[in-house]
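Below you'll find the structure, written out as structure tokens, and then a few comments.
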Amino acid sequence: MDKKTAKKLKTAAATAGILFGGALIALNYIAKKSYPKSVYADQPEERSPFEGKKVVFVEDENEPVNADGKSGHLEAVGASEHTPTFYEKYVKRGLDIMLSTCGMIVLAPVYAISAIAIKIEDPGPVLFYQKREGAFHSRFRLEKFRSMRLDTPQNVPTHQLASPEKYLLRSGKLLRKTSADELPQLFNILQGSMSIIGPRPALWNQEFLIAERDKYGANDIKPGLTGLAQISGRDELEIPEKARLDGVYAQAFNAKGKSKLRANIEPFVMDCKVFFGSVFAVLKQKGIVEGGTGMIAKETEKAKEL
């Protein structure tokens with residue numbers, strides 16, 4: 001390699017480094033400034049009355065049906081006792097910041113193509129916002145690429161829509177099939193409301209799922225972009241099984257009765273397992289059942305065939 005070529009390569013590398021560093025600084029600044037609004041700091045009425053508490057679901061046929069198809073309400077039964085380990089508080093958070101910022105920069109072309117495709121097919125907002133359940137029953141505003149029409153009912157899980165396919169955009173089918181609709185959540189991760197790995201965040205009104213997760217301590221850790229339930233069946237799983245798997249994941253973060261070394265090694269090993277399992281699940285498009293969860297979808301498909 002001659003000196004002229006080497007000099008050009010150094011200049012190109014330096015320029016790329018400066019642009020990359022500038023993007024990192026800008027993204028972190030925007031995330032910090034937008035964080036209060038994303039957790040409803042200025043809208044106390046949107047926050048959960050159960051923050052920091054443990055809950056149970058009390059069934060009551062006289063109450064409206066919630067997003068899980070159950071009638072009833074949540075009741076507090078105590079306070080959370082979870083204490084984050086060094087890995088959870090510092091190492092995992094550091095990895096979240098690094099991976100989310102790098103991911104948004106590297107995947108910028110995917111963001112642009114997705115946004116253009118949505119705009120062309122159904123003019124309107126590119127992003128879709130939902131109120132979701134965070135760690136310790138806090139709530140935050142989750143971001144997704146919009147994969148459904150603007151007239152789709154709000155705060156209703158896909159499996160409860162009568163004909164979900166009629167609301168789904170053509171571009172939305174591809175976004176969901178590849179899980180690309182979840183990519184804007186990298187910004188939620190950078191803000192600190194989510195993690196790369198963790199239980200998928202429930203809708204704020206999925207009270208049965210929330211209570212089921214509380215049985216296993218799964219609401220004591222940050223929700224994630226992908227989790228153990230996602231690589232173990234995703235939409236094919238019923239709520240109790242999803243909650244149980246989220247509990248298996250959460251148990252790795254429970255330091256009670258463990259040595260300091262074990263309490264920090266176990267969650268790291270679990271995160272590695274879920275991370276690489278997620279890559280495989282996305283490539284195989286595993287467990288995606290449009291319009292249904294577990295046996296609900298299977299029974300619906302059988303009914304259509306009759």
Side-chain angles (χ1 to χ4, degrees), residues 87-88 91-107 110-111 114 127-128 130 132-135 140-145 147 157-159 172-203 206 209-210 212-213 216-239 241-253 266-290 293-294:
Y87 169 78
E88 183 180 353
V91 180
K92 186 176 174 72
R93 178 57 186 154
L95 290 171
D96 283 341
I97 293 172
M98 180 182 70
L99 292 174
S100 60
T101 49
C102 289
M104 282 187 283
I105 293 170
V106 172
L107 294 170
V110 178
Y111 279 70
S114 299
L127 294 178
F128 173 62
Q130 277 187 327
R132 297 285 185 119
E133 191 84 357
F140 70 99
R141 193 175 69 166
L142 177 137
E143 300 183 12
K144 298 180 74 170
F145 277 126
S147 59
T158 305
H159 68 266
K173 289 181 181 179
L174 180 60
L175 287 172
R176 289 193 170 202
K177 202 171 186 179
T178 59
S179 295
D181 61 321
E182 311 287 359
L183 289 179
Q185 288 159 49
L186 289 173
F187 193 66
N188 287 124
I189 294 167
L190 183 59
Q191 288 176 318
S193 299
M194 289 179 62
S195 180
I196 295 291
I197 311 294
R200 284 296 296 157
L203 285 167
Q206 284 186 282
L209 173 59
I210 291 168
E212 285 293 300
R213 283 179 170 174
Y216 308 101
N219 292 317
D220 292 338
I221 54 180
K222 286 182 182 179
L225 187 63
T226 183
L228 187 59
Q230 275 57 54
I231 66 172
S232 304
R234 195 172 170 175
D235 296 333
E236 293 176 351
L237 302 175
E238 295 283 10
I239 286 176
E241 180 61 10
K242 277 186 178 181
R244 186 191 69 78
L245 287 167
D246 289 333
V248 171
Y249 176 83
Q251 186 56 39
F253 288 78
E266 281 190 4
F268 173 71
V269 172
M270 177 62 80
D271 276 346
C272 288
K273 173 185 175 181
V274 175
F275 181 83
F276 291 110
S278 297
V279 173
F280 176 79
V282 169
L283 291 175
K284 291 289 186 178
Q285 296 165 12
K286 179 183 175 184
I288 301 174
V289 181
E290 203 63 67
T293 297

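Side-chain atoms are counted along with the backbone in the values below, which use heavy atoms only and exclude waters and symmetry mates.
F253 places none of its side-chain heavy atoms less than 4.5 Å from the side chain of D220. The side-chain heavy atoms of P267 and E88, taken from C-beta on, include no pair separated by under 4.5 Å. Between L190 and M104 there is a side-chain heavy-atom pair separated by less than 4.5 Å. Within the 4.5 Å cutoff, the side chain of F128 has no heavy atoms near those of the P184 side chain.
Note that CD of Q130 is 10.0 Å distant from CZ of F140, once rounded to the nearest 0.5 Å. Residue S179 holds its OG atom at 13.0 Å from CZ of F145, rounded to the nearest 0.5 Å.
For the pair L142 and P201, the tightest heavy-atom approach, listed with the atom from each and the gap, is CD1-CG, 3.5 Å.
Enclosure of atom CZ in F268 is not indicated, since only 12 or fewer non-hydrogen atoms of other residues, nucleotides or ligands lie within 6.0 angstrom.
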Carefully, step by step, assess Y216 and Y249 under the rule ring pair (Phe, Tyr, Trp, His ring centres under 6.0 Å).
CA-CA 9 Å; Y216 308 101; Y249 176 83; over 10 Å; no
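Exactly one residue among R200, Q191, R132, K144 makes a side chain to side chain donor-acceptor pair (under 3.5 Å) with Q185. That residue is R200.
At distances below 3.5 Å, at least one donor-acceptor pair connects side-chain atoms of D96 with backbone N or O atoms of I196. Formation of a donor-acceptor pair under 3.5 Å by the K92 side chain with backbone atoms of I197 is found in this model.
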